[in-house]
2 protein chains.
Amino acid sequence: MIIKSAQDIGKIVKEARKKQNFTQVQLAQLSNVGTRFLSDLENGKPTCEIDKVIKVLANLGIKLEVTNG
Amino acid sequence: MIIKSAQDIGKIVKEARKKQNFTQVQLAQLSNVGTRFLSDLENGKPTCEIDKVIKVLANLGIKLEVTNG
DNA sequence: AGCAATTATTCCCGAACGGGAATAATAAGT
DNA sequence: ACTTATTATTCCCGTTCGGGAATAATTGCT
């Protein structure tokens with residue numbers, strides 16, 4: 001899926017987390033972030049810090065890729 | 001290219017920007033971010049805010065994609 | 001080498017991040 | 001419906017982001 005906004009990432013995270021039967025608390029601990037952060041992220045907060053986002057994605061087995069035209 | 005850290009994104013941005021003959025000032029104005037932000041981003045600052053990163057990538061024509069195993 | 005252009009770093013500072021915890025709201029299960 | 005689990009929202013608060021501008025450092029060009 002192509003990412004155009006923070007909201008897109010939030011959706012992805014939420015879906016993947018549920019599919020893997022993680023609670024926010026579990027995934028947060030796993031990723032070394034707070035539960036507040038994870039909730040914010042899943043709800044599309046546009047100012048989440050990039051490395052934390054990357055860590056969460058990694059812990060869900062989601063690959064992040066860039067393609068240059 | 002697969003993104004594993006903020007530094008990866010920084011490299012991508014810097015390379016793409018140079019390839020398109022943009023200065024940091026130009027790209028920053030285009031993306032509605034400060035030049036400081038762009039410099040930080042290219043140097044792999046891990047706390048850059050996600051939506052600003054996305055905007056910069058978009059203005060370079062770089063597509064950001066996630067792939068769920 | 002020397003000059004101009006670009007980039008990196010520092011400063012000030014308002015605004016907001018994110019952690020933790022408590023509370024409210026929502027979803028889920030019996 | 002009721003209870004429990006999960007998630008969202010609010011609060012306090014230390015820390016830091018990011019803009020803008022100035023300065024240092026680096027790069028590029030002739």
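Quick note on labels: first sequence line is chain A, next is B, and so on, each numbered from 1. All values below were derived from every heavy atom in this structure, side-chain atoms included, with hydrogens, water molecules and symmetry-related copies excluded. Just so it is clear, the model here is predicted, and its values are computed rather than measured.
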Without decimals, in angstroms, what is the distance between [X] [atom1] and [N] [atom2]?
{"X": "B:Q29", "N": "C:dT7", "atom1": "CD", "atom2": "P", "answer": "12 Å"}
{"X": "A:D51", "N": "D:dC17", "atom1": "CG", "atom2": "C1'", "answer": "13 Å"}
{"X": "B:E42", "N": "C:dT7", "atom1": "CD", "atom2": "C1'", "answer": "9 Å"}
{"X": "A:Q24", "N": "C:dT26", "atom1": "CD", "atom2": "P", "answer": "15 Å"}
{"X": "A:L41", "N": "D:dT7", "atom1": "CG", "atom2": "C1'", "answer": "14 Å"}
{"X": "A:N43", "N": "D:dT6", "atom1": "CG", "atom2": "C1'", "answer": "13 Å"}
{"X": "A:I50", "N": "C:dC17", "atom1": "CD1", "atom2": "C1'", "answer": "15 Å"}

N or O in side chain of A:T47 less than 4.0 angstrom from C:dC17 OP1/OP2:
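Yes, A:T47 has a side-chain N/O under 4.0 Å of OP1/OP2 on C:dC17.
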For D:dG18, does either OP1 or OP2 sit under 4.0 Å from a side-chain N or O belonging to B:K45?
yes
Check whether any side-chain heavy atom of [X] sits under 4.5 Å from a side-chain heavy atom of [Y], and report yes or no.
{"X": "A:F37", "Y": "A:V53", "answer": "yes"}
{"X": "B:M1", "Y": "B:I12", "answer": "yes"}
{"X": "B:K63", "Y": "A:V66", "answer": "no"}

Nearest heavy atom decides the nucleotide; on that basis, is B:V25 or B:E49 closer to the 5' end of DNA chain C?
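Here B:V25 is the residue nearer the 5' end.
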Please give me every residue in residues 8-18 of chain B whose heavy atoms get under 4.0 Å of an atom in DNA chain C, ordered by residue number.
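Residues of residues 8-18 of chain B under 4.0 Å from DNA chain C: B:K14, B:R17.
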Could you tell me whether A:K55 and A:D51 make a salt bridge, using a distance below 4.0 angstrom between a side-chain N and a carboxylate O?
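Salt bridge between A:K55 and A:D51, a charged N being under 4.0 Å from a carboxylate O: no.
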Lys/Arg N to Asp/Glu carboxylate O, B:K11 vs B:E42, below 4.0 Å
no
Using only atom types and a distance under 3.5 Å, with no angle test, would you say the side chain of [X] pairs donor to acceptor with the backbone of [Y]?
{"X": "A:D8", "Y": "A:S5", "value": "yes"}
{"X": "A:N59", "Y": "A:V56", "value": "no"}
{"X": "B:S39", "Y": "B:T35", "value": "no"}

At 4.0 Å (heavy atoms only), tell me whether B:S39 reaches a base, stays on the sugar-phosphate, or touches nothing.
base
Would you indicate what A:D40 reaches in the nucleic acid, counting non-hydrogen atoms under 4.0 angstrom: base, sugar-phosphate, or nothing?
nothing
Might you list the N or O atoms of the protein lying below 3.5 Å from N or O atoms in nucleotides 19-22 of chain D, with each pair's distance?
unit_1 : atom_1 : unit_2 : atom_2 : d
D:dG19 : OP1    : B:G34  : N      : 3.0
D:dG19 : OP2    : B:G34  : N      : 2.9
D:dG19 : O5'    : B:G34  : N      : 3.3
D:dG19 : N7     : B:R36  : NH2    : 3.2
D:dG19 : O6     : B:R36  : NH1    : 3.3
D:dG20 : O6     : B:R36  : NH1    : 3.0

Please pick, from D:dT9, C:dT9, C:dG18, the nucleotide with the shortest atom-to-atom distance to any side-chain atom of A:C48.
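Comparing D:dT9, C:dT9, C:dG18 against the side chain of A:C48, the answer is C:dG18.
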Tightest non-hydrogen contact, residues B:K45 and B:A6, listed as O-CB, 3.7 Å
